[in-house]
Structure formats: structure tokens, C-alpha cells
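As C-alpha cells, the structure follows; a few thoughts come after it.
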Number of protein chains: 2
Amino acid sequence: MNVLSAFHLADGPMTLSQLAKGAGMDRSAAQRMVHTLRTLGYIRRDESGNGFLPGIRILDHTLDTLRLDPLVRRATPVLQELRKSVRERIDLSLFDDLRMLYAVRLQTKRQKFYTTLVGHSVPTFCSSGGWAVLSKLSDEQVSGIVNRSDRRPFTPDTLTDAQDIKAQVQKARDDGYAIATNQILSGEIAAAFPVLNTKGDPIAAIHIAGSLAEWTQDEYIQRVVPLGQEAARAISQY
Amino acid sequence: MNVLSAFHLADGPMTLSQLAKGAGMDRSAAQRMVHTLRTLGYIRRDESGNGFLPGIRILDHTLDTLRLDPLVRRATPVLQELRKSVRERIDLSLFDDLRMLYAVRLQTKRQKFYTTLVGHSVPTFCSSGGWAVLSKLSDEQVSGIVNRSDRRPFTPDTLTDAQDIKAQVQKARDDGYAIATNQILSGEIAAAFPVLNTKGDPIAAIHIAGSLAEWTQDEYIQRVVPLGQEAARAISQY
DNA sequence: GCAAGTGTATTGCGCTGCGATACACTTGCA
DNA sequence: TGCAAGTGTATCGCAGCGCAATACACTTGC
């Protein structure tokens with residue numbers, strides 16, 4: 001697992017030495033591990049030139065993870081229904097401590113780059129989904145997450161000050177949903193709604209993301225919030 | 001890895017005993033393995049009731065697999081461009097011996113069920129993508145794949161006879177693309193185009209899938225084939 | 001022509017994964 | 001009510017396997 005995790009830091013094929021360093025072990029040990037992972041299909045050679053890449057065998061486990069996840073199962077039909085009424089990008093992201101991890105994504109026509117990919121994540125502290133989730137946690141839990149986060153800004157407007165973030169969380173508490181503008185991507189507005197488990201803990205969030213070029217914030221809220229809220233309630237078990 | 005692979009046969013949370021059996025080992029050994037996989041985040045307990053599920057940590061590796069894959073990198077922008085001109089569902093599936101494994105999927109408004117999921121696969125022998133790939137292989141290789149396949153039909157129209165399949169492959173050889181109707185899903189028509197690596201081996205296929213309720217086969221071919229072919233050529237390296 | 005990279009193969013020690021065993025708890029049938 | 005058959009958990013000791021060491025073939029570039 002350490003060897004496979006070494007790819008997290010990569011931005012292209014990895015050599016044995018790099019994998020060894022990333023996995024915290026000897027080059028020869030890494031080679032042996034790569035060897036067996038390769039026979040199992042979890043790693044493959046880069047076709048052109050040097051280095052190794054993760055193998056498609058991993059996608060089998062991806063499918064298991066998604067199709068067996070009770071939340072994803074429940075959410076998918078609801079999200080598709082939601083998308084029919086709202087013609088914007090719709091995501092389901094799972095709460096994973098400091099990050100929100102995209103599990104389901106339904107695109108629109110004009111989508112940015114390779115945002116198609118499952119497994120992408122955004123920080124909890126500066127995303128609409130994160131704020132929605134945080135709004136259902138206690139002040140101590142919120143502080144814990146905010147303090148432990150690496151609060152590097154994505155855009156000039158990304159909120160990094162702990163007080164500002166807590167204000168957004170408080171607003172989300174009052175409203176029951178969160179609105180984020182220009183946080184991850186400039187020009188983007190996102191509304192997010194918390195999803196709760198049977199105990200009332202937040203476990204995920206639904207996002208509806210649109211463009212500030214097409215909407216004013218008020219219009220967007222009016223249009224999108226009622227539908228999103230209904231969908232989130234349908235998925236929640238609380 | 002055996003423990004994680006045990007989930008492939010599951011259709012819900014798995015108990016320790018089931019995992020042990022699936023992984024081919026003792027129940028206590030499985031327990032110990034589950035224990036460490038759980039601390040690593042690769043397995044989690046099912047929230048309600050008994051059993052275990054794959055953990056979202058796996059999705060980190062999914063992201064690596066997709067974002068580092070040279071083919072996916074090259075293909076994504078091309079596919080998105082393609083989708084702007086063709087308003088049907090577009091997929092990129094990777095050739096993996098007996099199956100074609102979906103890596104990228106761009107939906108339309110009205111999509112069926114939970115076809116959203118990455119990692120889904122369809123048999124090579126009866127899918128348009130499979131035929132497209134087979135059309136670039138030798139007769140022996142085609143026979144090998146067809147013979148080794150479990151040729152269970154999906155619809156009443158699924159081709160299962162080896163001769164019929166080879167005829168489709170031959171047609172794809174002549175045309176440069178493959179058309180499949182009612183093979184995986186009744187009412188579906190799909191056009192597929194082979195993607196080649198530098199050596200000329202087929203490694204993937206682009207699909208464009210539409211509904212027979214909206215198109216005749218001839219109309220569909222006229223509309224879709226030129227665009228799909230151009231996209232496949234743009235991605236291929238041969 | 002040497003140095004610093006690749007990836008590969010083989011050998012052997014010692015850590016770690018597996019099996020055995022025991023226990024607490026729930027469920028359902030006798 | 002009590003037993004049987006399931007759950008999941010914890011601990012311990014041996015043996016098999018993962019890791020380090022070593023050697024080698026090949027490419028790249030100074």
C-alpha cells in the first residue's frame with residue numbers, strides 16, 4: 001500500500017527510486033514489491049519511456065467502493081432527478097476530515113478541464129460542501145478542522161482567516177445551506193446542502209455549482225436552494 | 001489485496017467469514033488483515049448493522065490511476081470537444097483482455113440508472129468498443145478472446161455465436177469503426193472507434209451511444225461516425 | 001570512457017502475516 | 001430459558017514472505 005500511495009505525489013510515471021523514496025524503503029525492496037504488484041495488475045510500465053504507473057486493476061476496487069457505498073446508492077437516482085430540474089453541475093462529496101472527496105459528479109455541457117475524475121477532493125475549510133458539513137458539527141469540531149487545515153488560498157477570494165470561515169459556517173447553520181463564491185475557482189458559485197446519517201452526523205454534501213457570469217448570487221439562491229434542500233433531505237437518514 | 005478483492009463478488013456489506021472465504025484464508029487471518037486495512041482507511045464498517053465495506057481511501061488510488069494514465073490525459077479534452085458536437089453519451093473504455101473497462105464517461109441529460117460509475121466494464125465480445133478493438137487484432141487473437149469469453153447474452157439480440165461475432169469484427173475491419181445495436185442494452189445503438197498506441201496495437205475505444213428510439217441506424221452512422229473517427233485519430237498515436 | 005541514471009534477478013535473514021485459540025455479544029429456534 | 005450459530009474482537013507463536021544487500025545489463029550525457 002505504501003508503494004501504491006507513492007503515486008499520490010507524482011505527476012507522471014514514477015521510477016523505482018522515486019517509488020522507493022515515496023514508500024520509505026530500499027530501492028530493491030521497492031523493485032520486488034513493484035514486481036508482484038505488476039503481476040497482479042496494480043502497477044504497469046509506462047508504455048513510452050521509463051517509469052511505472054498505477055494499473056487499471058485498481059479501478060475494480062473503485063467500482064466496489066462506489067457501488068457498495070450505501071450513500072452513493074441512495075444518492076444517485078436522487079441526484080439524477082435533481083439534475084433534470086437544475087441544469088448546473090451537481091456533485092456528491094464525502095466528508096473525510098480535512099477534505100471533501102468527490103464520489104459522484106454529473107456534468108453540464110461546458111465543463112472545465114478534467115474535473116471529470118472520481119477521487120478528486122477539495123479542502124473542507126473553503127468549499128461550499130465543507131461549510132455545509134461543518135455547519136452540522138460543534139464549535140470545537142469546526143475549530144479542530146479549521147486549525148489543522150493547510151489553508152493555502154486557491155483564488156484571491158479564498159477565505160483563509162479562521163474567523164471568516166467560522167462566520168460562513170454560522171451563516172450556514174442559520175440558513176440550512178452554504179453558499180460559496182470564488183473559493184476554489186474564480187467565477188464559480190456553489191450551493192451546498194449537508195447530508196446526515198441516522199445519528200444526525202454530517203457525512204456528505206450535495207453541491208450545485210454554477211457560473212457567476214450567468215447568475216447573480218440572489219437569483220442563484222432563489223433558483224437552486226429549494227431543489228437542493230429537498231434532494232439532501234431525501235438522501236439523509238436523520 | 002485478496003481481502004479487498006473479495007468485495008468483487010459482493011452486493012452489500014461483507015462479514016468477516018465471507019471476506020475470509022473470498023480471500024481464501026482463515027477467518028482470524030482475515031480479521032487481522034481487515035484490522036490493519038481499516039486503520040489505513042481501505043476498509044470501513046457498515047454504519048447500519050453488520051459487515052464491512054471498502055473505504056474511501058481507495059478512491060485516492062483511483063484518482064492516481066486516472067490522472068496519471070497517459071491515454072486518459074490525452075483523451076479527456078478531445079472527448080469533451082466531441083461531446084459538444086454530438087449530444088449523445090460518450091465513453092472511453094480501456095481494452096483489458098476479455099473486457100472493456102470504462103475510464104471516462106460523459107453523460108447526457110437523460111441517463112440510465114447508475115451507469116455513472118467508473119470501473120464498470122462490459123465484455124469485449126459483444127460490445128461496440130470490443131469489436132472496434134478486435135478489428136485491429138489478428139484472427140488468432142480474436143479467436144482467443146472470443147473462445148475464452150463467458151458468452152452469456154445480455155439481451156435477446158446479444159450475439160453469442162463465434163461466427164456472428166467474427167463477422168462483426170470483419171465488418172469493423174472494413175469500415176474502420178464498429179456499430180452495435182441492442183447488445184448490452186435493448187434499444188441502444190453504439191458506434192465505437194479503436195484507439196491505437198505507437199506500435200499500432202489497440203488499447204482502447206471511444207464509444208458514442210444513443211437511443212434507437214431517436215435514430216435509425218443509417219442516420220446515426222451518418223451523423224456520428226465522421227466525428228468519432230476524427231476524435232479517435234486525435235487520441236491515437238499510431 | 002566514466003558516472004549516474006534506468007530496470008532486473010537472486011539470495012538470505014528477520015519481521016510480519018497467518019492460523020489457532022479464546023471471548024463477548026446478538027439472533028433465532030428449540 | 002438455554003443452546004447453537006452467527007456476528008466482531010484480542011492475543012500469541014511459528015513460518016513464510018517481504019525487505020535489504022548485492023550483482024548485472026543497459027541507456028544517457030557530460
Side-chain angles (χ1 to χ4, degrees), chain A residues 1-58 61 64-65 68-70 197-199 201 203 237, chain B residues 1-58 61 64-65 68-70 197-199 201 203 237:
Chain A
M1 289 310 190
N2 285 339
V3 172
L4 287 178
S5 298
F7 284 110
H8 294 164
L9 306 161
D11 60 346
M14 294 198 84
T15 72
L16 269 172
S17 312
Q18 293 172 321
L19 284 172
K21 205 173 98 188
M25 59 202 232
D26 198 58
R27 207 178 70 104
S28 64
Q31 126 71 16
R32 195 60 184 74
M33 202 66 248
V34 166
H35 172 76
T36 78
L37 285 173
R38 201 134 72 103
T39 67
L40 294 175
Y42 293 103
I43 283 184
R44 69 180 198 278
R45 291 216 56 165
D46 181 36
E47 280 211 39
S48 57
N50 295 340
F52 300 91
L53 292 172
I56 51 177
R57 180 79 192 275
I58 290 176
H61 298 288
D64 291 340
T65 308
L68 295 176
D69 186 313
N197 68 6
T198 46
K199 285 175 248 157
D201 307 320
I203 52 172
Q237 299 187 298
Chain B
M1 290 309 190
N2 284 340
V3 172
L4 287 178
S5 298
F7 284 109
H8 294 163
L9 306 162
D11 60 345
M14 295 198 85
T15 72
L16 231 39
S17 311
Q18 293 171 322
L19 284 172
K21 204 172 99 192
M25 58 203 233
D26 198 59
R27 207 177 69 102
S28 63
Q31 127 72 15
R32 196 57 186 77
M33 202 66 248
V34 166
H35 173 75
T36 79
L37 284 173
R38 200 133 72 103
T39 67
L40 294 175
Y42 292 103
I43 284 183
R44 68 181 198 278
R45 292 216 57 164
D46 181 36
E47 280 211 40
S48 57
N50 294 340
F52 300 91
L53 291 171
I56 51 177
R57 181 77 193 275
I58 289 175
H61 297 288
D64 291 340
T65 307
L68 295 176
D69 187 313
N197 68 7
T198 46
K199 284 176 247 156
D201 306 320
I203 53 173
Q237 300 187 300

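So you know, we letter chains A, B, ... as the sequences are listed, proteins then strands, and number each from 1. FYI, side chains are in, hydrogens and waters are out, and symmetry mates aren't considered; it's all heavy atoms of this structure.
Side-chain proximity of B/Thr15 to the nucleotides D/dA20, C/dC18, D/dG8 is greatest for D/dG8. The side chain of A/Phe52 lies closest to C/dT8 when the candidates are C/dT6, C/dT8, C/dC18.
Separating the CG atom in A/Leu9 from the CG atom in A/Leu19 is a distance of 10.5 Å, to the nearest 0.5 Å.
Residue contacts for A/Arg27: at a heavy-atom cut-off of 4.0 Å it reaches a base atom on one of the strands shown. Backbone-only engagement by B/Ser17 is indicated by non-hydrogen atom pairs under 4.0 Å involving sugar-phosphate atoms exclusively.
For B/Gln18 and D/dT7, the CD to C1' distance is 11 Å, given to the nearest whole Å. Atom pair A/Asp26:CG and C/dA9:P shows a separation of 17 Å (rounding to whole Å applied). Atom CE of A/Met33 is separated from atom C1' of C/dT16 by 13 Å (rounded to the nearest Å).
Residue-to-nucleotide proximity on DNA chain C shows that, of A/Gln31 and B/Ala30, the 5′-proximal contact is made by A/Gln31.
The phosphate of D/dT22 (OP1 or OP2) has no side-chain N or O of A/Arg32 nearer than 4.0 angstrom. B/Arg38 has a side-chain polar atom (N or O) that falls below the 4.0 Å cut-off from OP1 or OP2 of D/dT9. Close to D/dT7, at under 4.0 Å from its OP1 or OP2, lies no side-chain N or O of B/Arg45.
With hydrogens and angles ignored, the 3.5 Å screen pairs no side-chain donor or acceptor of B/Arg44 with any backbone N or O of B/Arg38.
Taking the six-membered ring where tryptophan is involved, the planes of A/His61 and B/His8 are tilted, since the angle between them lies from 30° to 60°.
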* Asked: In dot-bracket notation, what is the pairing pattern of DNA chain D, taking Watson-Crick (N1-N3 plus N6-O4 or O6-N4) and G-U wobble (N1-O2 and O6-N3) contacts under 3.5 Å, with [ ] crossing and | for other strands?
  -> ||||||||||||||||||||||||||||||
